[in-house]
Engineer: 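To start, I am sharing the structure in question, which I have written as structure tokens.
The figures that follow rest on heavy atoms only: side chains count, while hydrogens, waters and symmetry mates do not. Computed from a predicted model, the values in this text were never measured in an experiment. In this chain, residues are counted from 1 in sequence order.
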Amino acid sequence: VLVKANSRVNINYYAQIPADAGPGGHYAAIMYRPKRIETTKGSGAAINAQLATLLYFDVAGDIKESASVKRFTAPGFSEYGPVKLTTEITNNGDTHIKPTGTLTVKNMLGKVIVSKELKTANIFPGGISRVIEDAVGKKWMFGKYEAKFMASYGRNNNLPLIATAAFWVFPWKVALIL
């Protein structure tokens, strides 16, 4: 399809799913690129742009939904906050997932100092992992803290993902001076 400058074209497409495609999520892309490719003579560089549209197909059948928290960590000791929490979720299922939930941090007295919604992200199937990072707390923190990751995923099941991590924050240089 040739698209003239400052104009628009609608593209209709037809996708046929192969008969041997297993149940779950499948993906394809439609690529767009200029008809004329720029080249250079001698030394130099040329830029050739390409665009893609991602297509998602959900094939009906016995879909397996399975995910796990591979890693939920915080540095064991920090001098100051905010503290970086790292969550790695692995999707072992047949279709993409988008976990939703909360991240809660309590101090050593059991008081909630942070409660926030998780950053949501799609995680593709087939053992693919997604790393989500969050910074929690303020600069001045003191003592032992416990972070709790609570999320759910799945189309109808609301399957749970739960993990905890403990960490210490102590401004030892300031304490030493005092």
Side-chain angles (χ1 to χ4, degrees), residues 1-75 82-104 114-136 147-165:
V1 175
L2 183 61
V3 182
K4 294 182 180 180
N6 298 317
S7 66
R8 239 178 198 198
V9 172
N10 288 329
I11 299 172
N12 296 317
Y13 61 90
Y14 173 77
Q16 183 172 352
I17 297 173
D20 63 346
H26 297 273
Y27 308 89
I30 299 174
M31 301 292 294
Y32 311 94
R33 66 174 181 255
K35 184 176 181 181
R36 186 181 66 185
I37 307 268
E38 298 294 328
T39 60
T40 60
K41 302 224 187 281
S43 66
I47 297 175
N48 295 311
Q50 289 186 352
L51 296 172
T53 300
L54 182 64
L55 306 174
Y56 171 70
F57 299 97
D58 202 8
V59 177
D62 187 20
I63 295 174
K64 175 183 148 194
E65 293 182 309
S66 174
S68 61
V69 179
K70 185 175 183 179
R71 175 173 54 120
F72 181 59
T73 59
V83 175
K84 184 174 102 175
L85 298 175
T86 303
T87 311
E88 184 175 358
I89 302 169
T90 302
N91 182 355
N92 297 308
D94 297 328
T95 188
H96 83 277
I97 61 171
K98 191 173 187 176
T100 58
T102 57
L103 183 62
T104 306
V114 174
S115 183
K116 63 196 278 189
E117 293 292 315
L118 297 174
K119 296 176 185 175
T120 59
N122 285 325
I123 307 172
F124 293 110
I128 304 297
S129 292
R130 169 74 59 129
V131 175
I132 303 168
E133 293 183 342
D134 263 300
V136 295
K148 188 167 192 175
F149 171 86
M150 291 186 64
S152 64
Y153 70 97
R155 296 181 185 263
N156 299 318
N157 299 334
N158 287 331
L159 300 166
L161 292 170
I162 300 171
T164 59

Engineer: Ignoring hydrogens, what is the shortest heavy-atom contact between Ser115 and Thr104? Give both atom names and the distance.
Structural biologist: OG-OG1, 3.8 Å
Engineer: Do Val114 and Leu103 touch side chain to side chain, with heavy atoms closer than 4.5 Å?
Structural biologist: no
Engineer: How far apart are the closest heavy atoms of Phe57 and Ala15, and which atoms are they?
Structural biologist: CZ-CB, 3.4 Å
Engineer: Rounded at 0.5 Å granularity, tell me how far OG in Ser68 sits from CG in Leu161.
Structural biologist: 7.5 Å
Engineer: Which heavy-atom pair separates Ala135 from Pro82 by the least distance, and what is that distance?
Structural biologist: CB-CB, 4.1 Å
Engineer: In Å and rounded to the nearest 0.5 Å, what is the OG1 to CZ distance from Thr164 to Phe72?
Structural biologist: 7.5 Å
Engineer: Using atom types as modelled and distance alone, determine if a side-chain donor or acceptor of Lys84 lies under 3.5 Å from a backbone N or O of Pro75.
Structural biologist: no
Engineer: Working to the nearest 0.5 Å, report the span between OH of Tyr27 and CG of Leu55.
Structural biologist: 12.0 Å
Engineer: Does the side chain of Thr95 come within less than 4.5 Å of Pro125's, by heavy atoms?
Structural biologist: no
Engineer: Closest approach of Ile123 and Ile128, non-hydrogen atoms and distance?
Structural biologist: CG2-O, 3.4 Å
Engineer: Between atom CG of Asn91 and atom OG of Ser66, what is the distance when rounded to the nearest 0.5 Å?
Structural biologist: 7.5 Å
Engineer: How about Phe149 and Asp134: do any of their side-chain heavy atoms sit closer than 4.5 Å?
Structural biologist: no
Engineer: Give the minimum heavy-atom separation between Ala147 and Leu85, together with the two atoms involved.
Structural biologist: CB-CD1, 3.8 Å
Engineer: Taking the inter-plane angle between the rings of His96 and Phe124 on a 0 to 90° scale, is it parallel (under 30°), tilted (30 to 60°) or perpendicular (over 60°)?
Structural biologist: tilted
Engineer: Under 3.5 Å, is there a donor-acceptor pair between the side chain of Lys64 and the main chain of Asn92?
Structural biologist: yes
Engineer: Testing the basics here: between Leu118 and Met150, what is the closest heavy-atom pair and its distance to 0.1 Å?
Structural biologist: CD1-O, 4.2 Å
